[in-house]
Protein chains: 2
Amino acid sequence: MELDERKLKILKAIVRNYLETGEPVGSRTISKYTDLNLSSATIRNEMSDLEDMGYILQPHTSAGRIPSDKGYRTYVDDMMREKADEISQQQQEISDMKDFLTEKVEKVEELLQNTAKLLANNTNYATMISAPRFAKRIKFLQLSLVDDMSLLCVVVLDGNIIKNKLVKLSKQIDAETVLKLNILFNSTLNGLTMEEINLGIITKITGQAGEHMELVKRVLEIIAEVVGSDEDMKIYTSGTTNILKYPELSDNNRASELINVLEEKQQLTSLITENNSEENTGIQVYIGDETPVQNMKDCSVVTMTYEIEDGVQGTIGIIGPKRMDYEKVVESLKTVKGQLDVVFKNNNE
Amino acid sequence: MELDERKLKILKAIVRNYLETGEPVGSRTISKYTDLNLSSATIRNEMSDLEDMGYILQPHTSAGRIPSDKGYRTYVDDMMREKADEISQQQQEISDMKDFLTEKVEKVEELLQNTAKLLANNTNYATMISAPRFAKRIKFLQLSLVDDMSLLCVVVLDGNIIKNKLVKLSKQIDAETVLKLNILFNSTLNGLTMEEINLGIITKITGQAGEHMELVKRVLEIIAEVVGSDEDMKIYTSGTTNILKYPELSDNNRASELINVLEEKQQLTSLITENNSEENTGIQVYIGDETPVQNMKDCSVVTMTYEIEDGVQGTIGIIGPKRMDYEKVVESLKTVKGQLDVVFKNNNE
DNA sequence: ATTAGCACTCTACAAGAGTGAGTGCTAACA
DNA sequence: TGTTAGCACTCACTCTTGTAGAGTGCTAAT
């Protein structure tokens, strides 16, 4: 059996109706709803076929049909193909996002948090956004003496990410030494990524350190620690309680598990790292079992990567019920992506 | 009518029983439960009195009684008085907290987050913890040239809180100027709090700035912004989904509102700032309507301030149903407070 | 002052009946 | 051969009814 034109139309009608109502949809509904003039009986036959083919399923005998994961998938794929480069009218609906986003962007963190919140309010789903992952190339390094026994170590990375740490000294050093160390570090390390700091460079530095070898080693450790820390792998979530708005998710204690996942943020990293969408849009839709996160088997997740410069990218994700409004979600994500690009590029100019 | 010994005993029995079961408690239960040997009929009479006096109430006719806010209040006050300085056996139950907390404390943020998580797991309530509010005295200040057109401004505050911001320059300056500015700023500003930087000091600095007055003004603004930002008013929450474990809170959509409040963290500040417990313990119990947060009228909140040095303090809070296990919560808070003190003092030594 | 007994109230739970939405099948139809 | 109308059947949902149980308030006896 094959998924011909008419079957596809019926399937789409079923999915669309179910997205709206959340109720199983029956043959009579479709018979009236669609433009193809067919009686409910004919629809019933087709639906029976669609069920055999695995696109829809019945919660119980004598109930309407709901889309299966496979059904959602074909719907989404089809929808994505159609809308590929079309500029939606919904763009306008969320274009006020622009004003909101571009206004006083001082802290990236704040911006991301606001974005997550805005998206959540706009879509009524839970949202997450990961801070951009920078290449971690050292741009500048500064050691300074805060008081007799503490050395402040500040590292500026590409993308103007600033990290710092205070080091307690075991023995006193003077200002002149600090100056020399600053020159030493900057002349050898600037422009390098963490991976490029190999044994050769390390021995070169420690060789020139003279009596302060211990301290130099210590500072190198600090740099590694500070730069390597996954603090910038930070994830912001918002609208987690939107989950509770959808009965099929708020049941039992699955809802609490879901919210927990969003709160812990730990498992969400898999959504970021696993983004292997080949398409140019950077959008990926996970439906039900497709999601890499365990407790989201009853959800759909739409992720999109935004990119600031080459290699500097982050991920936005929307988590909702399987019957989420895919079209709106995708449009919203695209708009936000555009705005983020604008903001960040202005900021980096 | 007066709350005599016997009435108090009965009230306590009612509260205690209700804390355990969450069900309205009837006269017969009390008659068997307590040591005072009274028939259920007598208890009924007393309960009727207690209801008139406003300590307990009936959800509906022919149901048992549940404590009113006033009833909880007397119970808590009484309990607090008794347990004032007693070392509880529960101390031991959560003493493993110590190992957990003291182990690798590199980031204060992480420590606080872990503490919140630990407390939430331990008590099965939602928890919040605010980062300590430091005095904001400037300890050290460092300007450095990252590249031709960007100046890095790092401020170290008392308590070794480090803030930074990158400034885009409008015109190029040389290394020597930066050095001079560093000396200027450090010699005038170090040791001052934000409040102490008055007009006199500002004019003094700008006067000495010469041709770089614009830049100096800019840096002063940055300092004010960076130091004044309430980023350190950060609040960490955990176990918000524990709310859903208590039917009286997970009803309707109040639960979602509650979780929202905890997620937004905005309104929680009132719990921190309003802490005016006169007692030495620093513990404050808000029952129902007493809480300053709107959406927590159906909850009880227990807060405690921890202090690291003079004036450097933060707040821990536990949010649960009115029928929370007050004794356990108070004990847990005390233990955590102790541990935090130990950790922070070791860290600051 | 305390208690035993009784009538009354209200909730929670279960069983049963009715309703409606929806299906599957069969036979008629173009 | 594809489409449609009609009919019997299924199942969830809702409303009603009955019942058991817990608890109270009141009264009379101790």
Side-chain angles (χ1 to χ4, degrees), chain A residues 1-11 13-18 20-68 71 247-248 251, chain B residues 1-11 13-18 20-68 71 247-248 251:
Chain A
M1 198 153 28
E2 202 197 351
L3 192 68
D4 58 7
E5 183 73 13
R6 198 171 73 174
K7 282 194 173 53
L8 189 65
K9 263 193 179 167
I10 291 175
L11 175 60
I14 292 173
V15 174
R16 202 163 288 155
N17 198 284
Y18 185 67
E20 275 179 28
T21 63
E23 298 286 308
V25 25
S27 57
R28 227 176 99 75
T29 313
I30 300 296
S31 149
K32 286 182 297 184
Y33 184 78
T34 48
D35 43 353
L36 33 84
N37 281 357
L38 290 175
S39 80
S40 61
T42 315
I43 303 288
R44 273 203 289 283
N45 289 332
E46 294 288 39
M47 279 165 99
S48 179
D49 290 355
L50 281 172
E51 185 169 8
D52 287 343
M53 296 159 78
Y55 288 101
I56 53 180
L57 38 86
Q58 257 180 319
H60 56 86
T61 353
S62 92
R65 306 303 216 288
I66 63 174
S68 68
E248 67 265 46
D251 261 14
Chain B
M1 199 151 30
E2 205 198 351
L3 192 69
D4 58 5
E5 183 71 13
R6 198 170 73 176
K7 284 194 171 54
L8 188 66
K9 264 191 177 168
I10 292 173
L11 175 60
I14 292 172
V15 174
R16 202 162 289 153
N17 199 285
Y18 185 67
E20 276 178 28
T21 62
E23 299 285 309
V25 23
S27 55
R28 224 176 101 74
T29 313
I30 300 295
S31 146
K32 284 184 296 184
Y33 185 79
T34 48
D35 42 355
L36 35 83
N37 280 357
L38 291 175
S39 79
S40 62
T42 314
I43 303 287
R44 275 202 290 283
N45 290 331
E46 294 287 40
M47 279 166 100
S48 179
D49 290 353
L50 281 173
E51 186 170 8
D52 288 342
M53 294 160 77
Y55 288 102
I56 54 181
L57 39 85
Q58 257 180 319
H60 56 84
T61 356
S62 92
R65 306 304 213 290
I66 63 173
S68 69
E248 67 265 45
D251 262 14

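Chain naming here is simple, since letters A, B, ... match the order of the sequence lines and numbering starts at 1 in each. Both backbone and side-chain heavy atoms feed into the values below; hydrogens, waters and symmetry mates do not.
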Provide, to the nearest angstrom, the distance between the [atom1] atom belonging to [X] and the [atom2] atom belonging to [N].
X: M47(B); N: dC26(D); atom1: CE; atom2: P; answer: 15 Å
X: E46(B); N: dA1(C); atom1: CD; atom2: P; answer: 11 Å
X: I43(B); N: dC26(D); atom1: CD1; atom2: C1'; answer: 18 Å
X: L57(A); N: dG22(C); atom1: CG; atom2: C1'; answer: 16 Å
X: I14(B); N: dG23(D); atom1: CD1; atom2: P; answer: 12 Å
X: I30(B); N: dA22(D); atom1: CD1; atom2: C1'; answer: 14 Å
X: E23(A); N: dT23(C); atom1: CD; atom2: P; answer: 14 Å
X: I56(B); N: dG23(D); atom1: CD1; atom2: P; answer: 13 Å

request  = Examine distances only and state if a side-chain atom of S68(B) and a backbone atom of L57(B) form a donor-acceptor pair shorter than 3.5 Å.
outcome  =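 Flag not set: sc S68(B) to bb L57(B) has no pair under 3.5 Å.
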
task = Measure from the side-chain N and O atoms of S31(B) to the backbone N and O of S27(B), and report whether any donor-acceptor pair falls under 3.5 Å.
result =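 Pair absent, no side-chain N/O of S31(B) close to backbone of S27(B).
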
Does [N] have OP1 or OP2 under 4.0 Å away from a side-chain N or O of [X]?
X: S27(A); N: dT23(C); answer: yes
X: R65(A); N: dG24(C); answer: yes
X: T61(A); N: dT23(C); answer: no

request  = Going by the side-chain contact (heavy atoms from CB on, under 4.5 Å) test, name the single residue among E46(A), M47(A), E2(A) that passes it with K7(A).
outcome  =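 Result for side-chain contact (heavy atoms from CB on, under 4.5 Å) with K7(A): E46(A).
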
query = On DNA chain C, nearest-nucleotide positions of G64(A) versus N45(A): which is more 5'?
reply =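 Looking at DNA chain C, the more 5' nearest nucleotide goes with G64(A).
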
inquiry  = Reading DNA chain C from 5' onward, which residue's closest nucleotide shows up sooner: Q58(A) or R44(B)?
reply    =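 Closest to the 5' end, via its nearest nucleotide, is R44(B).
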
What nucleotide, of [options], holds the atom closest to the side chain of [X]?
X: A41(B); options: dA12(D), dT3(C), dG23(D); value: dT3(C)
X: R6(B); options: dT2(C), dT24(D), dG24(C); value: dT2(C)
X: H60(B); options: dT11(C), dT3(D), dG24(C); value: dT11(C)
X: S39(A); options: dG24(C), dA5(D), dC11(D); value: dA5(D)
X: S62(B); options: dT4(D), dT3(C), dA22(D); value: dA22(D)

query = About how many Å separate CZ of R6(A) and CD1 of I43(A), when rounded to the nearest 0.5 Å?
reply =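 Rounded to the nearest 0.5 Å, the CD1-CZ separation comes out at 7.0 Å.
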
query = Roughly how far apart are E51(B) CD and R44(B) CZ, rounded to 0.5 Å?
reply =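 Reported to 0.5 Å precision, the distance equals 13.5 Å.
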
